[in-house]
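Here is the naming used below: chain letters follow the sequence lines, and residue numbers restart at 1 for every chain.
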2 protein chains.
Amino acid sequence: MSNNQFKKGELYSFITGKASTAIARNLQKKFNSAGLKITIEQWSVLYQLWKEDGKSQQELCSATFRDKPSITRLVDNLEKQQLVRRVPSESDRRINLIFLTKQALKLQEETMQLAEATLNEALEGVPPDRIDICKEVLQIVYDNLR
Amino acid sequence: MSNNQFKKGELYSFITGKASTAIARNLQKKFNSAGLKITIEQWSVLYQLWKEDGKSQQELCSATFRDKPSITRLVDNLEKQQLVRRVPSESDRRINLIFLTKQALKLQEETMQLAEATLNEALEGVPPDRIDICKEVLQIVYDNLR
DNA sequence: GACATACAGTTAGATAAACAACTAACTAAA
DNA sequence: TTTAGTTAGTTGTTTATCTAACTGTATGTC
């Protein structure tokens, strides 16, 4: 016997990630309403750079769980919007280091507040210890398949 | 105080749905390896039709949590691959009822087995009661934001 | 130094998603 | 029965993802 407790009807919903889709849409709407012209995907890249500026594209791939072409194009679009700039590494000319512009730094506080608001709405009525368990399960799933 | 127990570093990962992305990629690879030429998104539509054939596009929207243009194009592609066909409703000529072809019926067993395999891999080492809690939390999140 | 190999990033082509604007068909109310 | 509003589905545009194939740079071995 496996430990798969999902009936088939529930399986689908887990696979397709309806919950995370709902969260992403909610946050995107908050961005739009606030007049912030960035996508959730772009925000997820900026988020990594707010944590540590000057990451390489490869590091952004790992951090955001995206492949190289996706990051290339996300950085392309972020660059067009003047939110980041590519700086060739001095020590290894294959590498681009990605740096935030002043404009992008300004976005941090507002977007993080909106993200927190979305999460609060999402988790309304969920006891903290259950959130922790859910988080742990998702982490294991991620580790199992990575 | 809110019940948001996420530190900022964890927040991002929850929002972006890395776990469900990992699951989807794993299953897509299984499809590819098995020579099944369908996408996860197409499979999610077929899945709904295996449960009940002849749904309208609108019903597929609700069931798969996608908007109308997405379903229009998914059905377009499924139709190109001869996996479904659009049948105009007799009673309301605005409505297309979507029916599976014989070819699509043949896909059910194999793809469901692969999906179950992916879920078993994903949930390896997770106690059943924790899976249930995770599922419940995700359901609440979905309901909160829908 | 010359070569094979690995690595960082880009490009091309297909599918998918979000949003807005649109057409066609149904419904309800004057 | 005309009109207004609603619903089902489509189309156009932009952004994002995936798998291939590609360029350029670095590394390690002979």
Side-chain angles (χ1 to χ4, degrees), chain A residues 16-18 20-33 36-46 55-81 83-84 86-98, chain B residues 16-18 20-33 35-45 55-81 83-84 86-98:
Chain A
T16 50
K18 282 188 185 183
S20 55
T21 302
I23 291 174
R25 282 187 198 161
N26 181 286
L27 181 53
Q28 182 69 64
K29 273 182 188 143
K30 282 186 169 51
F31 285 176
N32 297 345
S33 300
L36 303 170
K37 301 208 183 311
I38 57 170
T39 65
I40 296 300
E41 293 83 0
Q42 291 171 351
W43 175 79
S44 77
V45 171
L46 296 179
K55 285 193 167 84
S56 71
Q57 295 190 197
Q58 193 58 58
E59 287 169 325
L60 289 174
C61 289
S62 320
T64 66
F65 199 38
R66 293 186 163 85
D67 64 3
K68 292 187 293 175
S70 295
I71 290 297
T72 293
R73 267 138 190 167
L74 278 172
V75 172
D76 284 348
N77 283 331
L78 285 166
E79 216 172 21
K80 269 186 217 158
Q81 294 173 255
L83 293 172
V84 304
R86 286 176 163 96
V87 179
S89 164
E90 303 273 322
S91 59
D92 185 338
R93 279 182 303 165
R94 293 173 302 181
I95 295 176
N96 291 332
L97 301 176
I98 312 300
Chain B
T16 50
K18 282 188 186 185
S20 55
T21 302
I23 291 175
R25 282 186 198 160
N26 181 285
L27 182 53
Q28 182 70 66
K29 274 182 188 145
K30 283 187 170 51
F31 285 176
N32 297 344
S33 300
L36 302 171
K37 302 209 181 311
I38 58 170
T39 65
I40 295 301
E41 294 83 0
Q42 291 171 352
W43 175 79
S44 78
V45 171
K55 285 194 167 85
S56 71
Q57 294 190 197
Q58 193 58 58
E59 286 170 326
L60 289 173
C61 289
S62 319
T64 65
F65 199 39
R66 294 187 162 84
D67 66 359
K68 292 188 292 174
S70 295
I71 291 297
T72 292
R73 272 142 187 164
L74 277 173
V75 172
D76 283 349
N77 283 330
L78 285 166
E79 217 171 20
K80 268 184 218 159
Q81 295 173 253
L83 292 173
V84 303
R86 288 176 162 97
V87 178
S89 162
E90 302 273 322
S91 60
D92 185 338
R93 280 182 303 166
R94 292 171 302 180
I95 295 176
N96 291 332
L97 301 177
I98 312 300

- Task: Determine the stems involving DNA chain C; a stem requires 3 or more consecutive pairs of the Watson-Crick or G-U wobble kind, each with both distances below 3.5 Å, and the answer is none if no such run exists.
- Result: C:1-10 with D:21-30, C:13-30 with D:1-18
Side chain of [X] only, please: which of [options] is the nearest?
X	options	result
A:Pro69	C:dT10, C:dC19, C:dA18	C:dT10
A:Gln57	D:dG12, C:dT10, C:dA17	C:dT10
A:Lys29	C:dA17, C:dC19, C:dA18	C:dC19

With [X] via side chain to side chain contact (heavy atoms under 4.5 Å, CB included) - residues at least two apart:
X	result
A:Thr39	A:Gln28, A:Glu41, A:Gln42
A:Ala22	B:Phe65, B:Tyr142, B:Leu145
A:Ser44	A:Thr64, A:Arg66, B:Tyr12, B:Thr16

Going by salt bridge (charged side-chain N to carboxylate O under 4.0 Å, His left out), name the residues that satisfy it together with [X], two or more places apart in sequence or in a different chain.
X	answer
B:Arg94	B:Asp92
B:Asp67	none
B:Lys18	none

- Enter the distance from A:Ile98:CD1 to A:Asn96:CG here, rounded to the nearest 0.5 Å. 5.5 Å
- Message: Within 90° of 0 counts as syn, otherwise anti: where does D:dA16 fall?
- Response: anti
Return no unless some side-chain N or O of [X] is found under 4.0 Å from OP1 or OP2 of [N].
X	N	value
B:Asn77	C:dA14	no
A:Asn96	C:dT10	yes
B:Arg73	C:dT15	no

Atom [atom1] of [X] to atom [atom2] of [N]: distance rounded to whole Å?
X	N	atom1	atom2	value
B:Gln58	D:dT10	CD	P	11 Å
B:Arg86	D:dG9	CZ	C1'	8 Å
B:Asp67	D:dT11	CG	P	15 Å
A:Phe31	C:dA18	CZ	P	15 Å

- Item | A:Lys68 and A:Gln57, any side-chain heavy atoms less than 4.5 Å apart | no
- Under 4.0 angstrom, heavy atoms only, what part of the nucleic acid is B:Ile71 near: base, sugar-phosphate, or nothing? nothing
- Message: So, using side-chain hydrogen bond (donor to acceptor under 3.5 Å, both in side chains) as the criterion, who are the partners of A:Ser91 when residues are at least two apart?
- Response: A:Ser89
- With sequence neighbours excluded, tell me which residues meet side-chain hydrogen bond (donor to acceptor under 3.5 Å, both in side chains) with B:Lys37. none
- Contacting residues from residues 36-46 of chain A, given that a heavy atom lies under 4.0 angstrom of DNA chain C: none
- Give a yes or no answer on whether the side chain of B:Ser20 reaches the backbone of B:Gly17 with a donor-acceptor pair at less than 3.5 Å. yes
Show each protein N/O and nucleotides 1-5 of chain D N/O combination with a separation under 3.5 Å, one pair to a line.
none

- Query: With the sugar-phosphate defined as primed atoms, P, OP1 and OP2, and the base as all remaining atoms, what B/S/- string results for nucleotides 22-27 of chain C, 5' to 3', for protein heavy atoms under 4.0 Å?
  - Reply: ---BS-
- For the base of D:dG9, is there a side-chain donor-acceptor partner from B:Arg66 under 3.5 Å away? no
